[in-house]
Amino acid sequence: MLYPISTDSRTILNLDGIWKFMVENSEKNIDVSHPLETSDVMAVPASFNDQTADAKIRNYNGYFWYEKEFNIARILRNERLVLRFGSVTHEAWVYVNGNEVAHHKGGFTPFEAEINKELIEGSNRVTVRISNLLDFTTLPVGNFSETSDKHGNKEYNVDENFDFFNYAGIHRPVKIYSTPKDYIDDIVVTPEINFTNNSANIKISSKAVGSFDDVKIYILDAKKEIVCECSGTEALAKIDNVNLWQPLNSYMYTAKVCGIKDGRVIDVYEEPFGVRQVETKNGKFMINERPFYFKGFGKHEDTYVNGKGLNEAYNVLDLNLMKKMGANSFRTSHYPYSEEMMRLCDQEGIVVIDETPAVGLMLSFTFDVSAMVNSSYEDNTWKELNTQKAHQQVIREMIDRDKNHACVVMWSIANEAANYSTGAKEYFEPLFKLARKLDPQKRPCTYVAIMMTTPEADKCTDLVDVIALNRYYGWYMQNGDLKTAEDKTRNELLEWQDRYPGKPIMYTEYGADTISGLHSVYDEPFSEEYQEDYYKMNSKVFDEIPNFVGEQLWNFADFQTKFGINRVQGNKKGIFTRSREPKMVARYLSKRWNNIPNFDYKK
């Protein structure tokens, strides 16, 4: 799926802004052939939750509606017109002038529909019915229940099986874009580097709809000058003296793809791409044939008022803060992030681990590891969850969307699933096979392992290219006892190293909740002093492990969660507050990371 852009043959109508909004009332049927009867409004893109002053709506579970009117200029009526949503969380039914044009389930990937047949002269209307309900068939997973009040009205409850707030709404841009009737539908760019002579062969596969006489491709450098050209829907271009895409040193080329008919350019699309190679080798993670060391964060799309809605100012600020700290990477925990963020990371040279929304794939949560080290441990997770269909869908959609991004170096198939339980291997093996089959660049694949997934208990380590661990020794376990936590951290990492000497190992989460401004001469948990000592302890151990290839801490910034006795206005493990003010530990991490090179880090 191509990102909507304006070119010589395409234009964009932006539908972002103020939309009508209402929650669904089971006492009243909604007739989509008429405008919504509501005076309430919400801004798009953004979550609805934090835009309201009504606590009941803020925590609402169920079905709700958005609506907006728009006009299409007459000059565009003979073009192909496509309505596109960057994401709607979590399920959407879309109507144009009362006619259903699209249905999509999955809250973090785009979907679209041609709407020419539904359009009328004058004012048009797009109406969206949305559900934020989650259950054992969805990703993320939620514990779903349904009751009825004394009047028979249904009430829904979702107890999220994950530690972030279930923000919902139209989260990413809504656009109508035009193309000619004959158009370029998709482009796949696959670089192959010859490091000996500093050149690259670029395979470019184009999917054309309609009848073109030819497809002409021009490769443009960063100055938009043509460096080579080729033709055909399966074309090969060669770039001599190639500029590589490197971490924190981005170089972007553009594939300008032109559909030709009767000697004229009918459609043109420009796809940016970087030339780089990723692989795992001898216990190292390699970018452009050099060992790469991940420095950075787990993160969330989470800001005041916007919730999970796109906020490009925060995206720019977050990457600037990362670069100042010496960080070079983050993981899209725990869902694919906006296309706008991915394109920005391409430009800025930020390395990304791209993750599906497969979070919460377990029935119960406990830190009693002892029961799970038995190789025959079994609970009902893989019998009761029915997420395989949704999991396959999001892998397809994520890879289809992000396949050409140079910043994406690895796919994360899931976060903190019950990989310690019998049945996990049977569940995950076909998903890893699917991801590897779909990705034209053959990136490494991983899943992010929860605390209970010990070397003894894990059922699926042979599936992953990189061992990615979430570990909280010194916080959820050995809280306040960093000496014991250090021993536990070291012993487990050495065991992973011993069992899998050919696999790279990294931490994708580790952290301690810290209240900004809370200090203690006694190194008490929740204090800024304890957070700094916690990270110093982990750093010491990381530097002792030969195959340790990266540290992505949890979390970049404090973020909102559901209410609970363990959460004070959300999760406070951030290195920055939710408003992006640094905690004390940011100085220590900045000094460490700025002294660790991106490549060839020798401990």
Side-chain angles (χ1 to χ4, degrees), residues 23 46-50 52 55-64 87-92 105-109 130-147 154-169 171 298-303 306-309 331-337 355-367 379-381 384-387 390-391 394 412 414-418 448 450-452 470 472 476 509 511 513 554-555 557-574 578:
V23 296
S47 303
F48 74 80
N49 309 81
D50 291 352
T52 178
K56 186 176 181 180
I57 292 179
R58 198 258 182 184
N59 296 294
Y60 177 80
N61 289 309
Y63 298 88
F64 47 98
S87 74
V88 180
T89 306
H90 294 279
E91 186 171 10
K105 193 171 185 178
F108 304 98
T109 46
I130 304 173
S131 165
N132 65 349
L133 301 177
L134 298 169
D135 56 26
F136 278 9
T137 70
T138 64
L139 296 178
V141 171
N143 296 284
F144 173 81
S145 61
E146 179 182 327
T147 58
K154 292 182 179 180
E155 295 182 354
Y156 306 103
N157 181 65
V158 175
D159 181 19
E160 301 94 87
N161 214 17
F162 47 86
D163 187 35
F164 55 92
F165 191 79
N166 187 27
Y167 281 116
H171 278 153
K299 209 178 173 297
H300 268 297
E301 289 184 317
D302 175 278
T303 60
N306 294 73
K308 290 203 176 306
R331 174 172 58 113
T332 71
S333 42
H334 302 295
Y335 35 83
Y337 287 2
E355 187 164 89
T356 75
V359 55
L361 296 180
M362 61 180 65
L363 299 181
S364 60
F365 188 85
T366 175
F367 281 103
D379 63 10
N380 289 327
T381 295
E384 296 189 25
L385 291 187
N386 188 23
T387 54
H391 213 149
V394 76
S412 174
N415 175 80
E416 294 193 339
V448 173
I450 195 171
M451 197 91 200
M452 293 87 85
N470 291 354
Y472 290 95
Y476 292 121
E509 287 185 26
D513 283 272
W554 191 256
N555 186 286
D558 296 343
F559 59 91
Q560 189 60 266
T561 66
K562 61 185 176 183
F563 299 140
I565 195 66
N566 295 321
R567 294 287 178 254
V568 183
Q569 253 192 347
N571 190 305
K572 291 293 190 288
K573 292 186 182 68
R578 200 180 186 206

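Bear in mind that the values here come from a model prediction, so they are computed numbers and not experimental data.
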Margin query: For Glu384, is the CD atom crowded, meaning more than 12 foreign heavy atoms sit under 6.0 Å from it?
Written below: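 Counting other residues, nucleotides and ligands, CD of Glu384 exceeds 12 neighbours.
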
Would you check if [X] and [Y] make a side-chain contact, meaning some heavy-atom pair closer than 4.5 Å?
{"X": "Arg578", "Y": "Gln560", "answer": "yes"}
{"X": "Lys562", "Y": "Asn166", "answer": "no"}
{"X": "Asn415", "Y": "Glu509", "answer": "yes"}
{"X": "Glu146", "Y": "Leu133", "answer": "no"}
{"X": "Thr332", "Y": "Phe108", "answer": "no"}
{"X": "Val359", "Y": "Asp163", "answer": "no"}
{"X": "Phe559", "Y": "Lys299", "answer": "no"}
{"X": "Leu134", "Y": "Val141", "answer": "no"}

Margin query: Taking the ring centre of each residue, are Phe164 and Tyr335 less than 6.0 Å apart?
Written below: yes

Next item on the list: Apply salt bridge (Lys or Arg N to Asp or Glu O under 4.0 Å) to Glu155 and list each qualifying residue two or more places apart in sequence or on a separate chain.
Entry: none

Next item on the list: Check salt bridge (Lys or Arg N to Asp or Glu O under 4.0 Å) between Arg58 and all other residues, then give those that pass, not counting sequence neighbours.
Entry: Asp50

Check: Is there a donor-acceptor pair closer than 3.5 Å between any side-chain N or O of Asn157 and the backbone N or O of Ser145?
Finding: no

Item checked: Backbone N/O of Phe144 and side chain of Asp135: donor-acceptor pair under 3.5 Å ->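 Not confirmed, Asp135 side chain does not pair with Phe144 backbone.
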
Check: Under 30°, 30 to 60°, or over 60°: which ring-plane class applies to His300 and His334, parallel, tilted or perpendicular?
Finding: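 The rings of His300 and His334 stand perpendicular, inter-plane angle above 60°.
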
Can you confirm whether the side chains of [X] and [Y] place a donor and an acceptor under 3.5 Å from each other?
{"X": "Asn566", "Y": "Asp513", "result": "no"}
{"X": "Asn571", "Y": "Asn555", "result": "no"}
{"X": "Glu91", "Y": "Ser131", "result": "no"}

Item checked: Criterion side-chain contact (heavy atoms from CB on, under 4.5 Å) on Phe563 and Asn59, from CA distance to verdict -> CA-CA 10 Å; Phe563 299 140; Asn59 296 294; 4.3 Å; yes

Among all residues two or more places apart in sequence or in another chain, which pass the ring pair (Phe, Tyr, Trp, His ring centres under 6.0 Å) test with [X]?
{"X": "Phe136", "value": "none"}
{"X": "Phe165", "value": "Tyr167"}
{"X": "His171", "value": "none"}
{"X": "Tyr60", "value": "none"}

Notebook entry, point to check: Just how far is it from atom OG1 of Thr137 to atom NZ of Lys105, taken to the nearest 0.5 Å?
Noted result: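 Nearest 0.5 Å value for the OG1-NZ distance: 4.0 Å.
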
Next item on the list: Find the distance between CG (Leu363) and CG (Asp379) and round it off to the nearest 0.5 Å.
Entry: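 Those atoms lie 5.5 Å apart.
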
Check: Do Lys573 and Tyr472 meet the cation-pi criteria used here (NZ or CZ under 6.0 Å from the six-membered ring centre, within 45° of the axis)?
Finding: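 Yes; both conditions hold, so Lys573 lies above the ring face of Tyr472.
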
